[in-house]
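Quick caveat: nothing in here was measured; it's all calculated off a predicted structure.
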Amino acid sequence: MKPIKAALCEDNTTFRESLAGFIEDTPGFEVIATFSSAESILGKIVADLPDIILMDIDMPVMNGIAATALIKEQFPQVNILILTVYEDDQKIFDAILATLPATC
Amino acid sequence: MQRLKQRYKIEMLRLAIARDLHDDVGAALGSINILSKTATRKLKKNAAQQDINTIFQKNGQSAENTLEAIDDIVWSINPNKDKLEDLIILMREYAIPLLEARNIKFYFDIQGTTEQQIAMDLRCNLFLIFKEAVHNVLKHAQAKNVFIELLTQHHQIILSVKDDGVGFDSTIATNRNGLKNMHQRVALSKGALTIESSKDGSNIIFAAPIR
């Protein structure tokens with residue numbers, strides 16, 4: 001079976017690298033790209049589309065929720081998993097909305 | 001009105017502490033958690049000693065970062081350390097060992113009174129801006145000398161970190177993140193930041209009203 005292609009978007013370098021190492025070490029997964037900002041991910045995933053993107057919420061320029069909505073609009077087939085320590089209902093609700101396809 | 005203002009101030013401070021806990025402590029603990037899981041897995045699979053060593057080193061570094069971040073937070077809310085002179089002690093304690101380790105000569109010049117109290121959020125932001133400026137010198141400047149000046153006058157505090165290195169490029173990603181952070185802290189302090197950089201060195205100047 002082909003491994004699941006994962007990409008990561010997280011602005012904290014240590015956490016990003018640790019998580020990438022963990023996924024890389026998990027059978028059945030490969031990490032095809034890591035990104036330190038949401039705005040850098042958009043133009044770069046076209047060539048090799050990941051199956052899943054692990055997305056941080058709180059990043060300095062564009063946040064993960066806005067990026068999720070944009071990615072979903074262009075590539076509805078990409079799954080996005082939101083990484084968060086927030087228990088803030090509004091942010092979680094916004095994230096759920098952003099991952100929904102444009103037309104249900 | 002006064003009480004409302006006071007409540008607003010406390011609310012802002014709580015937000016700042018929550019942000020620092022989330023950004024610095026949360027990310028470092030998250031890394032420790034993931035790295036420990038990766039190490040356990042690798043041990044089970046009898047992975048190469050060197051692989052496992054690297055993970056433990058990273059883990060130790062993350063634990064150190066957590067301690068440092070907690071130290072900063074505890075210090076910034078400690079009412080016994082609220083004078084400018086306390087801040088100067090902390091700045092020296094932070095910068096001197098790092099600069100000495102790289103054989104960079106440093107000059108601390110303090111002008112104006114240092115006995116005045118500084119609001120919690122301002123001392124926290126001032127210190128973190130200073131830390132970032134020193135970090136920049138260490139990482140990018142290849143400097144021989146660093147001139148650190150702290151001046152208080154007309155209810156203003158002015159911090160300048162100047163070096164005689166090669167200057168830095170603010171478009172490089174690692175600089176960008178640090179600078180972005182700095183600008184955020186400057187805005188929170190209602191201050192101003194000037195960054196001068198050329199091939200003869202750079203100078204980061206931060207000015208803010210004393211509260």
Side-chain angles (χ1 to χ4, degrees), chain A residues 3-4 6-31 33-44 52-67 81-92 94-95, chain B residues 15 18-48 50-66 68-69 132 135 139 171-185 187:
Chain A
I4 294 169
L8 270 168
C9 189
E10 160 68 54
D11 61 334
N12 186 287
T13 310
T14 319
F15 190 56
R16 183 178 65 248
E17 286 171 2
S18 318
L19 205 55
F22 183 75
I23 298 169
E24 196 62 59
D25 195 52
T26 306
F29 286 88
E30 66 169 325
V31 178
T34 62
F35 302 94
S36 59
S37 70
E39 59 279 12
S40 65
I41 198 168
L42 291 160
K44 289 184 185 155
I52 186 163
I53 300 174
L54 276 75
M55 178 77 77
D56 182 23
I57 291 188
D58 199 19
M59 287 179 283
V61 182
M62 181 191 281
N63 74 27
I65 296 171
L81 197 62
I82 304 280
L83 293 172
T84 184
V85 293
Y86 283 115
E87 282 182 23
D88 175 338
D89 292 346
Q90 189 59 45
K91 276 195 171 137
I92 293 171
D94 289 347
Chain B
L15 274 175
R19 194 192 49 235
D20 289 343
L21 280 174
H22 170 264
D23 290 357
D24 302 336
V25 180
L29 287 177
S31 304
I32 292 173
N33 182 24
I34 297 281
L35 287 166
S36 307
K37 284 183 178 149
T38 313
T40 312
R41 237 192 222 172
K42 285 198 186 285
L43 279 169
K44 267 190 198 151
K45 288 198 288 192
N46 288 323
Q50 201 180 346
D51 272 11
I52 296 167
N53 277 346
T54 315
I55 294 175
F56 276 113
Q57 268 168 14
K58 283 185 186 166
N59 224 345
Q61 187 59 52
S62 286
E64 241 171 67
N65 292 346
T66 317
E68 210 177 283
E132 192 62 49
H135 180 77
K139 209 160 176 196
T171 59
I172 291 172
T174 52
N175 281 333
R176 261 202 327 254
N177 280 339
L179 291 178
K180 220 180 283 165
N181 240 324
M182 245 194 226
H183 281 294
Q184 260 177 10
R185 301 215 173 258

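Of the listed residues (N33(B), L35(B), T38(B)), just one forms a side chain to side chain contact (heavy atoms under 4.5 Å, CB included) with S18(A), and that residue is L35(B).
The 12-atom threshold is not exceeded at NZ of K44(B), counting heavy atoms of other residues, nucleotides or ligands nearer than 6.0 Å.
Using a 4.5 Å heavy-atom cutoff, the side chains of R41(B) and D25(A) are in contact.
If you measure heavy-atom distances from T26(A) to chain B, the contacts under 4.5 Å come from both the backbone and the side chain.
Atom-to-atom distance recorded for I34(B):CD1 and T14(A):OG1 is 12.5 Å, nearest 0.5 angstrom. Interatomic distance, CD of E10(A) versus OG of S31(B), reported as 8.0 Å (0.5 Å rounding).
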